[in-house]
Amino acid sequence: MPLRDTLARVDEDLAAGRVPVARQRLRGLVSSFPDDLTLRRRLAEIYRLYGEPAEAGRWMYLEPDRDAAETSAFEARYGTPAQRMRALAWRGSESLAPTAFARERLEAVRAACSDYMGRPVDWDAVPSGPKTDSGNNPFVGFLAGAGCLVAVVAFLAIWVNGLVALFD
């Protein structure tokens, strides 16, 4: 469906109060046209209707008139440069950005992600981020082992109870 037709359907959905449907259509359009800042702005407006400042900040991140509180909420939700780079859903080079401000923001995010990852990254292969070592917590390991032990003991108790009831 052409861009103009989909935008007309978004307007119809909003007029009819079908905000989630309009949001979904706009998300699809932003995915198809990542360099269209007007679509990103419209998506941010819909997230404002939901009271989602982090998502509004996400979609307004490339605009010079973005709200500082929304930008902070976005940066807090997507705490690492790799998460931010992925969340911005940009494809291709920064040179595709229609404004100088957007190009600067995209370059800054990519540079921060490259520093974070310790290697150059680009928008077409956004990294997931360095692996965190979350498996070394001995208390979590103890709880997992204890839970398995309780499950095995409960299973054996039920089995023995059934066996005893069978021969009674």
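As the structure is a computational prediction, the values presented were derived from the model and not from experiment.
The pair Arg48-Glu70 meets the salt-bridge criterion, since a charged nitrogen lies less than 4.0 angstrom from a carboxylate oxygen. A salt bridge between Asp5 and Arg25 is absent, with no side-chain N of the basic residue lying under 4.0 Å from a carboxylate O of the acidic one. Under 4.0 Å is where a charged nitrogen must lie from a carboxylate oxygen, and between Glu52 and Arg77 at least one such pair does.
Annotation: side chain of Asp67 is not in contact with side chain of Met60 (no heavy-atom distance under 4.5 Å). A heavy-atom distance below 4.5 Å is found between the side chains of Ile46 and Leu14. For the pair Pro34/Arg40, a side-chain contact is recorded, criterion being any heavy-atom separation below 4.5 Å from C-beta on. Put simply, the side chain of Val10 does not reach to within 4.5 Å of the side chain of Val21, judged on heavy atoms.
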Tell me, with the steps shown, if Arg110 and Asp115 meet salt bridge (charged side-chain N to carboxylate O under 4.0 Å, His left out). CA-CA 9 Å; Arg110 186 179 49 77; Asp115 290 344; over 6 Å; no

Report the C-alpha separation of Tyr116 and Val121 in whole Å, then their side-chain angles, then the decisive distance to 0.1 Å, and conclude whether the side chain to side chain contact (heavy atoms under 4.5 Å, CB included) test is met. CA-CA 10 Å; Tyr116 177 71; Val121 297; over 6 Å; no

Going through the checks in order, is the side chain to side chain contact (heavy atoms under 4.5 Å, CB included) test met by Leu43 and Leu39? CA-CA 6 Å; Leu43 188 53; Leu39 295 175; over 6 Å; no

Arg91 vs Asp124, side chain to side chain contact (heavy atoms under 4.5 Å, CB included): CA-CA, chis, key distance, verdict: CA-CA 6 Å; Arg91 287 194 317 260; Asp124 292 324; 4.1 Å; yes

Going through the distances and angles, do Met85 and Tyr78 end up as a side chain to side chain contact (heavy atoms under 4.5 Å, CB included)? CA-CA 9 Å; Met85 192 170 174; Tyr78 300 95; over 6 Å; no

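One distance of note links OG1 of Thr38 with CG of Leu7; it measures 9.0 Å at 0.5 Å rounding. To the nearest 0.5 Å, atoms CZ (Arg103) and CG (Leu62) are separated by 11.5 Å. Here the straight-line distance linking atom CZ of Phe74 with atom CZ of Arg84 works out to 6.5 Å at 0.5 Å rounding. To the nearest 0.5 Å, the span separating SG on Cys113 from CG on Leu88 amounts to 10.5 Å.
In this structure, a donor-acceptor pair under 3.5 Å is absent between the side chains of Glu45 and Trp59. A donor-acceptor contact closer than 3.5 angstrom is absent between the side chains of Arg66 and Tyr61.
Side-chain atoms of Thr6 come within 3.5 Å of backbone N or O of Pro2 as a donor-acceptor pair. Using modelled atom types, one side-chain atom of Arg58 and one backbone atom of Ala87 make a donor-acceptor pair closer than 3.5 Å. Not one N or O on the side chain of Glu75 forms a donor-acceptor pair closer than 3.5 Å with the backbone of Ser72. Looking at Gln83, its side chain does come within 3.5 Å of a backbone N or O of Gly79 through a donor-acceptor pair.
Under the 4.5 Å side-chain heavy-atom criterion for Ile, Leu, Val, Met, Phe, Trp and Tyr, Leu166 and Val160 are members of the same hydrophobic cluster.
With Glu94 as the partner, the side-chain contact (heavy atoms from CB on, under 4.5 Å) test is satisfied by one option alone out of Leu106, Asp122, Val109: Leu106. Test Asp11, Asp13, Asp36 against Arg42 for salt bridge (charged side-chain N to carboxylate O under 4.0 Å, His left out) and you get one pass: Asp11.
When all heavy atoms of Pro53 and Ala73 are compared, the pair lying nearest together is C-CB, 4.0 Å.
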